[in-house]
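Worksheet for the structure shown next.
Atoms within each ligand, like the ligands themselves, are counted from 1 in listed order.
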Amino acid sequence: MDAADRFDVVVVGSGFGGAVTACRLAEAGRRVLVLERGRPWAPGSFPRTPHDFQKAFWDPVAGRHGLFDVWAFHGLNAVTASGLGGGSLIYANVMLRKPAEGFADAGGGAGPWPLTREDLDPHYDRVAAVQQPVPYPLEHPAYAATGKATALAEAAAAMGLEACRPPLAVRFAATEGGEPRPRAPIHEPLPNLHGVPRSTCRLCGECDIGCNDGAKQTLDLTYLTRAQAAGAQLRTLCDAQTLEPGDDGGWRVGYRQHVGALDGVPAGLRDPQADPRRVVAARHVVLAAGTMGTVRLLLRNRTVLPHLSPAVGHRVSGNGDQLGFVRGARRGGPGDEERPWRYLDPSHGPVITTSVRVPAERSSCGREHYVQDGGAPAFTEWLWHALEVPEAVWGERHQLTRRLRDRMSGHHDANLSDELARLLGSGHMSAAMMPLLGMGLDVADGRLYLDQDGRLELEWEDEQADGHYAALAASSQALAAAMGATWSRAPARHLTTVHPVGGCAMAEDPAHGVVDPGGNVWGHPGLHVADGSVLPGPVGPNPSFTIAAVADRFADAMLQDGRA
Ligand SMILES: Cc1cc2nc3c(=O)[nH]c(=O)nc-3n(C[C@H](O)[C@H](O)[C@H](O)COP(=O)(O)OP(=O)(O)OC[C@H]3O[C@@H](n4cnc5c(N)ncnc54)[C@H](O)[C@@H]3O)c2cc1C
Ligand code: SF4
């Protein structure tokens, strides 16, 4: 093997776990290679038209190398990302810490997490220093109140629940700590790895389909830019497939390079060799391919991992996710008859601005959960609006027939603006609704496994969540009612999660988990896992901050005990 393909550390995947690990180890002077199966997505390159969206899915067998990797298991759907920066490219930027009391119980009888909030706090702090999350600056005139943020906060207050504006990894100001101002050019002390300009948030609600302004602090613009500046090599469209022990005590990683999709990928973000099949070697391999990616890699390579824990694939949770919709929000005050609708304006603002915590003692299942406002791009408001248009056309049919008759008989007023506006309806259906995002402490007892054709499958029962989904639905319904609205669950056959965790749980012994509390795979020195799969149970709030903090802690462990 060429010396150029030997590294101290190979990191597989570039999401929250992979980006933090790569940056920490590269900045400590290690020779680091990051393999990322997806392509780079610079601000400005995210799809917006139906034609571009059609190409935006990840299915390399079908020739698709896009951003969205959608899984439909029996019982649970999941949405993840493929691209340099992983889930940060399409996440809603919320960075909340896991409450201290949640570490005492991993759920489903698995006992406590093998670390505490106190252990993680210094790592949360270190990640926050890089990602710079700040609450939505609602009080600032330039970012004046968004309907959905204030409506949810008021509903929570009416119910005596705690609501906060969660820290968002979004730039609202051009400089750190500066005055918030929309569309201002962002000052970057270290130019981002794409070499493109960025500007501050313009409130377009498009965070979950990629921010074309570069206002989101995605990992390619933060940790991975720093990793590359510290000497890490970043190779995109490189899909790790095989793992095997090397003859020098290290590891070899075989990967498939999606050479057909490399057009337009800059030299600094691709493998210098253009071969479709490649192998690299390293003393340490850190798997950070996300819950599904890492579990699949381990299961497919099980024959060369004789000591792999039987717990692999177990303890999977969807972090209790449940998507619903608030519809028909109405004002209820005196004098509101003239303007009955309460506009939530889902496409105005970042996707999430407010988070309501329902503590264990207020939750019917006795486990805490969270409800957050959901934003959506403006084009989705047109889809909702389309439901209203037939009703408007029906209501205006007599008027319209009369005008047409007048026109044909020569007695007409040339101005049709009023009729056309009426035909569009009032627009209240799309303006008085919003997605409502729920999550919390479900029970981590899903199991990922390979079916007889080698495909990843999931064993999953909603009932196992021990009343969590019913409790979350009750809170969502009550919050919607406090907004003068109704709530309904998203009309899908199964639940959909955007927060899959578990499958390689960390534990004090190999009978209960795949990695030790430092991220080392039990029984296989030099092999590590650092992503959402190591979490032994649901986080409760959105998990990315906890995944990043755990990865930061694992990087410390690798460096401090001299392993890496
Ligand atoms: C729409 C949406 C909104 C979200 N909003 C939030 C939010 O507001 N706050 C929050 O905390 N969380 C949010 N999340 C969840 C968050 O994105 C994930 O929890 C987080 O990204 C998981 O981090 P990870 O390191 O485990 O894996 P990922 O971030 O998924 O990274 C894994 C990476 O590995 C790559 N990979 C996979 N297999 C291979 C392979 N074989 N070879 C090479 N590379 C591979 C993938 O392409 C990916 O880039 C959201 C997710 C979605 C989808
Ligand atoms: S609201 Fe728009 S500009 Fe602001 S972070 Fe989200 S996608 Fe970017």
Side-chain angles (χ1 to χ4, degrees), residues 11-21 34-39 43 46 58 67-70 78-96 133 136 143 146 166 168-172 182-183 198-220 235-242 253 255-256 287-294 296-297 300 319 321 347-353 355 372 374-375 377 437 439 496-501 529-535 539 541-548 550-551:
V11 179
V12 176
S14 64
F16 284 89
V20 171
T21 307
V34 177
L35 296 174
E36 166 54 54
R37 66 177 176 168
R39 50 179 300 121
F46 292 101
W58 178 258
L67 186 56
F68 301 96
D69 190 7
V70 183
V79 181
T80 59
S82 180
L84 188 67
S88 74
L89 298 169
I90 57 170
Y91 88 144
N93 322 300
V94 173
M95 300 195 77
L96 280 169
Y136 178 70
Y143 287 105
T146 74
L168 303 178
V170 171
R171 293 295 297 264
F172 297 102
R183 299 171 196 264
R198 302 171 57 195
S199 54
T200 56
C201 179
R202 66 181 171 90
L203 306 174
C204 66
E206 295 175 0
C207 315
D208 284 352
I209 53 171
C211 179
N212 271 334
D213 300 75
K216 285 176 54 163
Q217 294 278 78
T218 53
L219 298 163
D220 49 339
R235 296 183 183 170
T236 57
L237 292 160
C238 291
D239 203 334
Q241 302 198 323
T242 61
V253 181
Y255 60 92
R256 175 180 169 202
L287 302 181
T291 287
M292 268 81 85
T294 291
R296 182 166 59 184
L297 255 175
R300 285 191 175 162
N319 203 44
D321 284 12
S347 65
H348 184 66
V351 163
I352 296 172
T353 56
S355 182
Q372 299 171 346
L437 315 168
M439 66 200 75
T496 298
T497 180
V498 295
H499 301 134
V501 294
V529 180
D531 59 19
S533 71
V534 302
L535 304 188
V539 174
N542 327 55
S544 68
F545 202 8
T546 301
I547 296 169
V550 166

Subject >> Sub-4.0 Å atoms of ligand 2 with respect to non-hydrogen atoms of Lys216 >> reply: 5 (S)
Original post:
For atom 3 (S) of ligand 2, what's the nearest protein heavy atom and its distance?
Top reply: Arg202 N, 3.4 Å
Subject >> Atoms of ligand 1 close to Leu35 [distance to a heavy atom under 4.0 angstrom, numbered from 1] >> reply: 43 (C), 44 (N)
Original post:
Going by distance alone, is a donor N or O of one side chain under 3.5 Å from an acceptor N or O of the other, for Gln241 and Arg37?
Top reply: no
Subject >> Residue, atom name and distance, where the atom is the protein heavy atom closest to atom 4 (Fe) of ligand 2 >> reply: Cys201 SG, 2.4 Å
Subject >> Protein residue, atom and distance nearest to atom 29 (O) of ligand 1, heavy-atom basis >> reply: Gly87 N, 2.9 Å
Original post:
What protein heavy atom sits nearest atom 44 (N) of ligand 1, and how far off is it?
Top reply: Arg37 N, 3.1 Å
**OP:** Would you mind listing which atoms of ligand 1 come within a distance below 4.0 Å of any non-hydrogen atom of Ser544?
**Re:** 9 (N), 10 (C), 11 (O), 12 (N)
Original post:
How far is atom 49 (O) of ligand 1 from its nearest protein heavy atom, and which residue and atom is that?
Top reply: Glu36 OE1, 2.7 Å
Original post:
Does any N, O or S atom in Cys211 come within less than 2.8 Å of atom 8 (Fe) of ligand 2?
Top reply: yes
**OP:** Return yes when Gly375 approaches ligand 2 closer than 4.0 angstrom through a heavy atom, no otherwise.
**Re:** no
Subject >> Sub-4.0 Å heavy-atom contact, Cys238 with ligand 1 >> reply: yes
Original post:
Can you tell me the protein heavy atom closest to atom 5 (N) of ligand 1 and the distance?
Top reply: Ala92 N, 2.9 Å
**OP:** Do me a favour and list the nearest non-hydrogen protein atom to atom 1 (C) of ligand 1 with residue, atom name and distance?
**Re:** Ile90 O, 3.3 Å
Original post:
So which heavy atom in the protein is nearest atom 2 (Fe) of ligand 2, and how far is it from that ligand atom?
Top reply: Cys204 SG, 2.3 Å
Original post:
Is the distance between atom 6 (Fe) of ligand 2 and the nearest N/O/S atom of Cys207 smaller than 2.8 Å?
Top reply: yes
